[in-house]
Amino acid sequence: MDSIEGEFTYAVIYESYGGNLALSWSFKGKTDGFWIYDESGKLICETRNEHQHYYLIKESKKERSFVVKAFVNTLIGKVAIVETEQIYLSKRHYEKPVVSLVIPVYNAE
């Protein structure tokens with residue numbers, strides 16, 4: 001079997017509309033699809049679309065974590081070639097905005 005290489009360049013979960021979670025990732029390399037597992041190791045999704053790098057997780061607790069694995073098809077079956085670390089909900093923190101209020105005044109003394 002030829003050497004198979006690949007890597008996840010990022011994997012993140014953000015809160016989506018309606019309380020759902022949006023899992024997205026970027027993969028660099030050759031793969032035949034992805035498996036998505038929850039924190040208990042249960043397979044929740046398999047996609048054979050190597051270009052699909054997102055998954056909407058409906059009605060999930062925000063404390064859950066997930067792992068994405070890239071797989072390839074071999075003569076002995078599907079084999080995972082690389083996986084992400086545990087992925088948790090990412091909290092976005094925004095800086096406090098600075099606002100200026102300008103009031104034009106004509107002939108003010």
Side-chain angles (χ1 to χ4, degrees):
M1 184 164 100
D2 294 334
S3 174
I4 301 171
E5 294 182 17
E7 68 175 335
F8 286 95
T9 56
Y10 77 85
V12 67
I13 299 174
Y14 288 121
E15 189 169 0
S16 183
Y17 296 103
N20 297 319
L21 301 178
L23 170 62
S24 66
W25 62 91
S26 176
F27 183 78
K28 184 178 178 182
K30 176 70 176 118
T31 184
D32 292 317
F34 300 98
W35 291 316
I36 301 171
Y37 292 87
D38 66 11
E39 71 275 358
S40 70
K42 177 183 173 189
L43 179 66
I44 61 169
C45 175
E46 176 181 325
T47 174
R48 299 185 63 72
N49 180 350
E50 66 184 273
H51 302 292
Q52 179 180 347
H53 292 183
Y54 63 90
Y55 182 70
L56 183 64
I57 304 166
K58 296 183 178 182
E59 300 174 7
S60 180
K61 295 179 183 176
K62 295 175 179 64
E63 300 81 27
R64 293 179 68 187
S65 66
F66 300 89
V67 171
V68 181
K69 296 182 181 184
F71 68 83
V72 293
N73 295 317
T74 67
L75 294 175
I76 59 172
K78 298 174 191 170
V79 176
I81 56 172
V82 67
E83 67 182 65
T84 64
E85 299 287 328
Q86 292 285 331
I87 310 164
Y88 295 91
L89 179 63
S90 179
K91 300 287 185 187
R92 294 182 187 179
H93 297 285
Y94 298 102
E95 295 295 322
K96 185 176 179 180
V98 177
V99 178
S100 297
L101 181 61
V102 178
I103 302 172
V105 178
Y106 182 73
N107 283 339
E109 292 185 28

Smallest separation among heavy atoms of Val72 and Lys30, with atom names
CG1-O, 3.9 Å
Shortest non-hydrogen pair, Glu85 vs Val67, comes out as O-CG2, 4.2 Å
Is it true that a side-chain atom of Thr84 and a backbone atom of Val68 form a donor plus acceptor pair closer than 3.5 Å?
yes
Separation between CD1 of Ile36 and CD1 of Ile57, rounded to the nearest 0.5 Å:
6.5 Å
What closest approach, in Å, do Ser26 and His53 show between heavy atoms, and which atom pair accounts for it?
CA-ND1, 4.0 Å
First locate atom CD1 of Ile87, then atom CD1 of Ile13, and finally report the distance between them rounded to the nearest 0.5 Å.
5.5 Å
Using a distance-only test with no angle check, is there a side-chain donor-acceptor pair under 3.5 angstrom linking Thr47 and Asn49?
no
What is the distance from atom CD1 of Ile44 to atom CZ of Phe66, rounded to the nearest 0.5 Å?
5.0 Å
Using the benzene-type ring in the case of Trp, are the ring centres of Phe27 and Phe34 under 6.0 Å apart?
yes
When rounded to the nearest 0.5 angstrom, what is the spacing between CD1 in Ile81 and CD in Glu7?
11.0 Å
For Leu43 and Cys45 the tightest heavy-atom approach is CD1-O, 3.3 Å
Where do Trp25 and Gln52 come nearest, in terms of heavy atoms and distance?
CZ2-O, 3.3 Å
Determine yes or no for a side-chain-to-main-chain donor-acceptor pair under 3.5 angstrom, with Thr31 supplying the side chain and Phe71 the backbone.
yes
Between Glu39 (side chain) and Arg64 (backbone), is there a donor-acceptor pair under 3.5 Å?
no
Please report the interatomic distance CG(Leu23) to OG(Ser90), rounded to the nearest 0.5 Å.
12.0 Å
Would you say the side chain of Lys69 lies within less than 4.5 Å of the side chain of Lys78, judging by non-hydrogen atoms?
no
Heavy-atom closest pair (Lys28 atom, Thr9 atom, distance to 0.1 Å) is CB-CG2, 4.1 Å
Roughly how far apart are Asn20 CG and Leu56 CG, rounded to 0.5 Å?
5.0 Å
